[in-house]
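The block underneath contains the structure these notes are about, expressed in structure tokens.
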Amino acid sequence: MPIKISKHIQTKAPSLFPDADQASVYTAQQIAELIHQKQREGNQVTLGLATGNTPKKVYQELIRLHKNEGLSFQNVITFNLDEYYPIGPDNDQSYTYFMRHNLFDHIDIQQENIYIPQTNSTPQEVAKYCQAYEDKIAEYGGLDLQLLGIGRNGHIGFNEPGSSFASTTRLVNLHPLTREDAIAQFGTIDKVPHQAISIGIHTIMQAKRILLLALGERKSEIMNKALSGEISVDIPASILQTMSQVEYILDQEAAVLIQEEDRV
Ligand code: PGA
């Protein structure tokens, strides 16, 4: 069981784990339990999924649960948060490739149940495409669970600082810090796309349950601001403080500033 620390601002105290492995396994268990529950009820489950370094171990654990413990994804529908624009789905830097490689190729999800923003629309068509993505989520009754990472600038999905809390799926410009953090993936800064399609903050807030996972010391500063700072579009994740369906899942390193503050 995670250790709970009490905080007065957000509705739920963060769930803290000694390391990234344990935080990731716990996160995967939450997802697996929801899938099982929906299976028992004879229902589908709609998951909002994230990319980046943070969810990789969560996906490894879900794959392990599928291979070793019989977890089936036959009733699972997935919507990914975002994708670079433009980028081809076969490009190994695309999030479509990431998801296939890190999860979908290793589980029994039905291919037609996988939704990832496709970025082959022209700039003229992209708004229509984004609305269709939004409509598709609504068609499934919204997201049952949204998995989130957090950017060092507080972004959730690619909702960069300044994004409206009322935003829905749209074409966005990437923040300089986001592009800098993507150099590891693309090689050099000039290869990092300037834009992406991202589901909106409003879309995320509509999810019935939200798990925000933050791992490592490099997320400690932003986690402190997102959890305890003022609610502002300057830190997009700060809006989650107002929402009772959010659970923050942190390893010890990501929580280091929060714990210090709590000891005072
Ligand atoms: P990361 O990215 O998991 O690669 O740190 C998280 C994010 O930008 O949302």
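Both ligands and their constituent atoms are indexed starting at 1 by order of listing. Note: hydrogens, waters and symmetry copies are ignored here, and every other heavy atom, side chains too, is used. Remember, it's a predicted structure, so these values are computed and weren't measured experimentally.
- Ion pairing between D90 and R100 holds under the 4.0 Å rule for side-chain N and carboxylate O.
- Under 4.0 Å from any atom of ligand 1, one finds heavy atoms of residues G52, N53, T54, G149, I150, G151, H155, R218, K219.
- Side chains of E160 and N153: a donor on one and an acceptor on the other come within 3.5 Å.
- Between E69 and R64 a salt bridge is recorded (basic side-chain N to carboxylate O distance below 4.0 Å).
- Taking a 6.0 Å sphere around CD of E221, one finds it holds 12 or fewer heavy atoms contributed by other residues, nucleotides or ligands.
- Between S24 and E61, the side chains place no donor N or O within less than 3.5 Å of an acceptor N or O (distance only, hydrogens not considered).
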Please list, one pair per line, the donor and acceptor atoms closer than 3.5 Å that link side chains of residues 77-84 to other protein atoms, with sequence neighbours excluded.
from : atom 1 : to   : atom 2 : distance (Å)
N80  : ND2    : L49  : O      : 3.4
D82  : OD2    : F158 : N      : 3.2
E83  : OE1    : Y95  : N      : 2.9
E83  : OE2    : Y95  : N      : 3.0
E83  : OE2    : T96  : N      : 3.0
E83  : OE2    : T96  : OG1    : 3.1
Y84  : OH     : Y95  : OH     : 3.1
Y84  : OH     : Q185 : OE1    : 3.4

